[in-house]
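Structure first, commentary second.
Note on naming: letters A, B, ... go to the chains in the order of the sequence lines (proteins, then strands), and numbering restarts at 1 for each one.
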Number of protein chains: 2
Amino acid sequence: MKSGPDIARIGALIGDPARANILIALLSGKALTATELATEAGITGQTASSHLKKMTEGGLLAQAKQGRHRYFTLAGSEVASVLESIMGLAASKGHLRTRTGPKDPAMRAARVCYDHLAGDMAVRIFDSLQLRSFLTVSSDKGGLGLTDSGKDFMLGFGINLDALAGSRRPLCRACLDWSERRNHLAGSLGAAILKRFQEEQWLRREPKSRVIHISPNGELAMQKLFPTD
Amino acid sequence: MKSGPDIARIGALIGDPARANILIALLSGKALTATELATEAGITGQTASSHLKKMTEGGLLAQAKQGRHRYFTLAGSEVASVLESIMGLAASKGHLRTRTGPKDPAMRAARVCYDHLAGDMAVRIFDSLQLRSFLTVSSDKGGLGLTDSGKDFMLGFGINLDALAGSRRPLCRACLDWSERRNHLAGSLGAAILKRFQEEQWLRREPKSRVIHISPNGELAMQKLFPTD
DNA sequence: TCCATGGTTCGGTCTACGTCGAAGTATTGT
DNA sequence: ACAATACTTCGACGTAGACCGAACCATGGA
């Protein structure tokens, strides 16, 4: 007599407060790491790991392993839509929401990601490199590479590719940008680019933060070196 | 810190198997008594009473006391819509309920979704309306509307649009069909169409289920009224 | 090589809650 | 009035699962 999909399974996944917080955080469309989600939900990493595993197996989340990070996103727009409609129900019943305040706009514009650039500016660089066919994107694991013209460009930019090739570290790696939710350039080349920017004093780091401010000269150089049109 | 509309509360309510069974039973749109729902969910009356109380307080159910019976229904079409969309998620993940009984194909063909039609037939109707430009689809959420020719069609079909417009309930709403994974028509217009079908005796409801059987006359009328080619 | 960091697995504790038996309250019928 | 039906409340029991500490893997960087 009971036929049909198992809505109880989905309901139970959404029904735990910690998991609900994680889902709401991911509703922004951004990819977040396991630890970010743990702090977001106010639980320890171990507990979050368990939750994330359950939700992934339950079809609510998708994950992308990247280096030692693990980025989680909602499994698809259908999941987001279900969450939205449930929020509608909950809100109509009188549970109102006071959502988190606006995040630092400077952080979204430009910031450091370990040792390379991230944020809007980094994504623009990545787009520009791809647009001008300096970067080749092969489908296999993180398979980015420089074309011959790309190599010329980097040499002209003042980057010693031979030195980078000596390191065990991969030259090019795609890194998922949390604010832009798109790829930017990581790897030793990404780090070298940041280094060049700093050498030219095109940017200034905020003291105790990841935020980066671009100088007027830097903005000019950006537009000349990495056009996106 | 992280307080929002409490989707966890709603999720937890749906997340218990017994409660999920009750909700699915009520998706038929009928009002059922507490004991009927108890047997439907395979639990005792005491347990059902507890569940029903929680779901009523949680805003999912409405109850009407009548004599010594207590009739329960879903609190509104919004609840039904949320349930259907969750069923869509669960179905897409392949977590179908254990037995796909003989009812399942009939259910996919045509069933009741609270107060309107769902299943293959309902999707065909929706497609037909869209194909003949009776329905306008605007991008914002749930933004459906009738065109002038659509209004004429509905009037000719015997639906009093003025009466429907008087209600606070939206005329047209898209409801995601879990078995077809496509939209069908909900809202007061969807309910009115189901009513017309019943008045014409084009369909027969199976006693204790959401399943609907179409009569030969009904099939004929379907093809004439809602052609899809 | 070694260390630091992100993430997972394991084991144990503790709370939440679904479940039913039994008793209690309403309402209808004879 | 009594009995029967419909449903609720109370109390007790038992299991599921959320949580964290600690130890364990994997990756990246020196």
Side-chain angles (χ1 to χ4, degrees), chain A residues 8-9 11-23 31-58 61 63-72 112-116 141-142 163-164 166-176 178 186-192 194-195 210, chain B residues 6 8-9 11-23 31-58 61 63-72:
Chain A
R9 204 166 212 102
L13 284 177
I14 303 174
D16 177 76
R19 284 195 289 259
N21 281 333
I22 290 175
L23 289 169
L32 298 175
T33 68
T35 36
E36 282 171 327
L37 291 170
T39 57
E40 193 73 18
I43 52 180
T44 64
Q46 307 95 295
T47 309
S49 179
S50 158
H51 285 317
L52 292 169
K53 185 179 178 189
K54 279 174 186 163
M55 288 195 282
T56 304
E57 286 171 351
L61 299 187
Q63 48 180 278
K65 196 170 73 180
Q66 196 169 91
R68 46 184 170 179
H69 294 279
R70 195 157 218 141
Y71 282 92
F72 289 86
V112 166
C113 180
Y114 295 104
D115 58 358
H116 58 269
K141 58 156 194 167
L164 299 184
S167 146
R168 266 186 325 135
R169 185 180 181 189
L171 184 70
C172 298
R173 237 164 30 84
C175 181
L176 195 58
W178 68 259
S188 60
L189 181 57
L194 170 60
K195 203 170 156 209
R210 301 168 60 190
Chain B
D6 213 348
R9 208 167 202 72
L13 284 176
I14 303 174
D16 177 76
R19 284 196 288 258
N21 283 332
I22 290 175
L23 289 169
L32 298 175
T33 70
T35 36
E36 282 172 327
L37 291 170
T39 57
E40 192 71 20
I43 52 180
T44 64
Q46 307 94 291
T47 308
S49 179
S50 157
H51 286 318
L52 293 169
K53 186 181 177 186
K54 279 174 184 164
M55 286 194 282
T56 304
E57 286 171 351
L61 300 187
Q63 48 181 278
K65 198 164 127 192
Q66 199 169 95
R68 48 182 167 183
H69 294 279
R70 193 157 229 152
Y71 284 93
F72 289 86

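- What separates CD of B:E36 from C1' of D:dC7 is a distance of 13 Å, to the nearest Å.
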Note to self: Walk me through whether A:T47 and A:S50 qualify under side-chain hydrogen bond (donor to acceptor under 3.5 Å, both in side chains).
What the structure shows: CA-CA 5 Å; A:T47 309; A:S50 158; over 6 Å; no

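- The NZ-P distance, from B:K65 to C:dA26, rounds to 9 Å in whole Å.
- We find that CE of B:M55 is positioned 13 Å from C1' of C:dG18, with the value rounded to whole Å.
- In summary, the side chains of B:Q46 and B:S49 do not present any donor paired with an acceptor at a separation below 3.5 Å, with no hydrogens or angles considered.
- OP1 or OP2 of D:dC7 has at least one side-chain nitrogen or oxygen of B:T35 nearer than 4.0 Å.
- Under 4.0 angstrom from either OP1 or OP2 of C:dC20 there lies at least one side-chain N or O belonging to B:T44.
- Checking D:dA6, D:dA18, C:dT19 against every side-chain atom of A:K54, the shortest atom distance belongs to D:dA18.
- The shortest distance between the side-chain N/O atoms of B:H51 and the OP1/OP2 oxygens of C:dT19 is below 4.0 Å.
- Put simply, OG1 on A:T35 and CD on A:E40 are 11.5 Å apart, with the number rounded to the nearest 0.5 Å.
- Across all strands shown, A:T33 has heavy atoms under 4.0 Å from sugar-phosphate atoms exclusively, and none from any base.
- The nearest whole Å value for the distance from the CZ atom in B:R19 to the C1' atom in C:dG18 is 8 Å.
- Residue A:A18 is in sugar-phosphate contact alone, with no base atom involved, counting any heavy-atom pair closer than 4.0 Å across all strands shown.
- At the heavy-atom level, A:T47 lies under 4.0 Å from base atoms of the strands shown.
- Atom-to-atom, CZ of B:R70 to C1' of D:dT8 comes out at 9 Å; the value is rounded to the nearest Å.
- Regarding B:K53, its NZ atom lies at a distance of 13 Å from the C1' atom of D:dC7, rounded to whole Å.
- Whole-Å rounding puts the B:I43 CD1 to C:dC20 C1' distance at 11 Å.
- Neither OP1 nor OP2 of C:dT28 sits under 4.0 Å from any side-chain N or O of B:H69.
- Taking the side chain as every heavy atom from C-beta outward, A:T33 and A:F72 never approach each other to under 4.5 Å.
- By the 4.5 Å heavy-atom criterion applied to side chains, A:R19 and A:L13 are counted as neighbours.
- Nearest-nucleotide positions on DNA chain D for A:P17 and B:G45 put B:G45 closer to the 5' end.
- Between the side chain of A:Q46 and the base of C:dG7, no donor-acceptor pair under 3.5 Å is found.
- Rounded to whole angstrom, the span from the CZ atom of B:R9 across to the P atom of C:dA16 amounts to 13 Å.
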